[in-house]
Amino acid sequence: MSKHLQPNVNPTGFESCYHEVKLAEGSVHVYADKELFAGLDPRIFEMAGRNLQIPGIRYMGYTPDVHVGVGTCIGTTAVWNSEDGMVSPSIVGSDIGCGMRVHLTNLHRRDVQDLRLRRKLVNRIEKYLPMEAHKRGAFSDLRMDHIVQKGLKGLPGKYLPDSMPVKRSPSLTRVEQARFAFDPEELNAVADNYWVKGLRQLGTLGGGNHFAEIQYLEIAEENREIAKRWGMFDGQVAVMIHSGSRAWGAMVSQHYTPMAARAMKRLGFGTDDPKLIFAPLDSPEGRRYTDMMASALNVAVVNRHLIAYAIREAFLDVFGPKLEMNLLYDLMHNYAWEERHGGEERFVHRKGATRALPAGHPDNPDVYMETGHPALIPGSMGTASYIMAGLPGGAANYHSICHGAGRVRSRSATKRLVTVDQFAAALKVGTEEEVIVNHNSLGVILDEAPQAYKDVDQIIGSVTGAGLASVVAKCRPLAAVKGAKS
DNA sequence: ATGTTC
């Protein structure tokens, strides 16, 4: 029993961080402190009511960063039985497989303190890491069909170097290293341009809130033992990546949502929201969607892996061959999958929600069985990100925690209300602590200013306050790489 | 988020 290392936590305000909201259709369980809860948009509860109309739903939870989305809020955990449940393309959303990856280097923050060196590093990263798509002919050694079907196992060995171990360290779960038996006809039906574009977009960041950051770690005092086991130390330079399956996942959403809608019509299912689409897991349409969603998860993991590979090339250019960049974990926050909860098989949808399994949970990968796996939480630009460990109390929310800060204002409103100078101040431009960014003009990414987001520290405070997870490390930004609309 | 764009 004592072999499991539990994170140290002293939840002080559990009662004040949990709210059961009773609606006509059932309850939605909200994890947020009183202030965040009071500030929530009332539309998220109307949305919860319509989601709770889907037959067979067992549970619906909101994380503290919850906000309105299409059909279903970002920040939702929605659960069915595996045996006779539903799968919903609307709940998964269109950014299928979007998630986080962290690599730990053997560098200390003092090794990258010099601003000119950091700028050089960002320039190097831009050389290897396109924002939109690789030039025609790049990655001629990759097979998109292998990647779609086998994920990381579909990559040639060249892309799996020892200094960023993937094969050697079984640190990925069955979701992230999924391998599926795809129906050839299903894949044959995908238009040629998606195969071409899919290949060219591998190892590219994309736009919106996606990013790659160079960060340094501040280990939380109370979880030093876990941090040590995970190979982390104070001041360690880490690379955090936030990206997804790019156009492939968008194609799956666009093509298979109408297909699931036809199944609903055939079977006589519906809710008050015509945009909320779902199908039985054991219907032909439900199975086809779930398979194709899995293909997007494979693409997303490979995309993040190749982004990390590109960043490693940049680091090797600058720091030489002694540089190490070990994978800590890769973890998605937009997907649906089978998991074991309370000894039962459940089908868990997470839309903008991060799995945080505690020590001993059977779905942990072996290397993290004794601590729980790292839960990777991105902050907004210029603020902190977090690496957390799940607590047993997280079972209340099916081991889901937040996926970031959560937007407080739209992109257009942010551009209207926030000035470039205010953004620059948030990035500490002109000081020794400046967060180096890959854009000369901050105006092109103004909609991603931290002023567009909630305070991530307060979001994390609600997660720890509710006893769902505990902080292992706070990750402070040193440099940020982002795509921008030209 | 992405792609296509009246």
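Proteins get letters first, then strands, A, B, ... in listed order; numbering begins at 1 in each.
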Legend entry - Rounded interatomic separation in angstrom, taking CE from A:Met332 and P from B:dA1: 17 Å
Legend entry - Rounded distance (Å) that lies between atom P of B:dA1 and atom NE2 of A:His403: 9 Å
Inset, instruction - Would you indicate, yes or no, if B:dT2 has its OP1 or OP2 atom less than 4.0 angstrom from a side-chain nitrogen or oxygen of A:His210? - result: yes
Inset, instruction - Return the nearest nucleotide to the side chain of A:Ser94; candidates are B:dT2, B:dA1, B:dT4. - result: B:dA1
Legend entry - Spacing of A:Gln254 atom CD relative to B:dT5 atom P, expressed in whole Å: 11 Å
Inset, instruction - Could you check how far CG of A:Asn193 sits from P of B:dT2, rounded to whole Å? - result: 17 Å
Legend entry - Ring-ring centroid check A:His29 A:Tyr31, cutoff 6.0 Å: no
Legend entry - Salt bridge present between A:Arg288 and A:Asp183 (N-O < 4.0 angstrom): no
Legend entry - Aromatic ring proximity A:His373/A:His399, centre distance under 6.0 Å: no
Inset, instruction - Grab the CE-P distance between A:Met100 and B:dA1 for me, whole Å please. - result: 13 Å
Legend entry - d(CG, A:Asp95; P, B:dG3) in whole Å: 11 Å
Legend entry - Nearest-Å distance for atom pair CZ/P, residues A:Phe211 and B:dA1: 12 Å
Legend entry - Sugar-phosphate only, base, or nothing, as touched by A:Gly244 at under 4.0 Å among non-hydrogen atoms: nothing
Inset, instruction - Kindly point out which of B:dT2, B:dA1, B:dT4 is positioned nearest to the side chain of A:Lys197? - result: B:dT4
Legend entry - Salt bridge flag under 4.0 Å for residues A:Asp145 and A:Arg143: yes
Inset, instruction - Mind calculating the distance between OH (A:Tyr194) and P (B:dA1) to the nearest angstrom? - result: 18 Å
Legend entry - Nearest-nucleotide pick for A:Arg246, side chain only, options being B:dA1, B:dT2, B:dG3: B:dT2
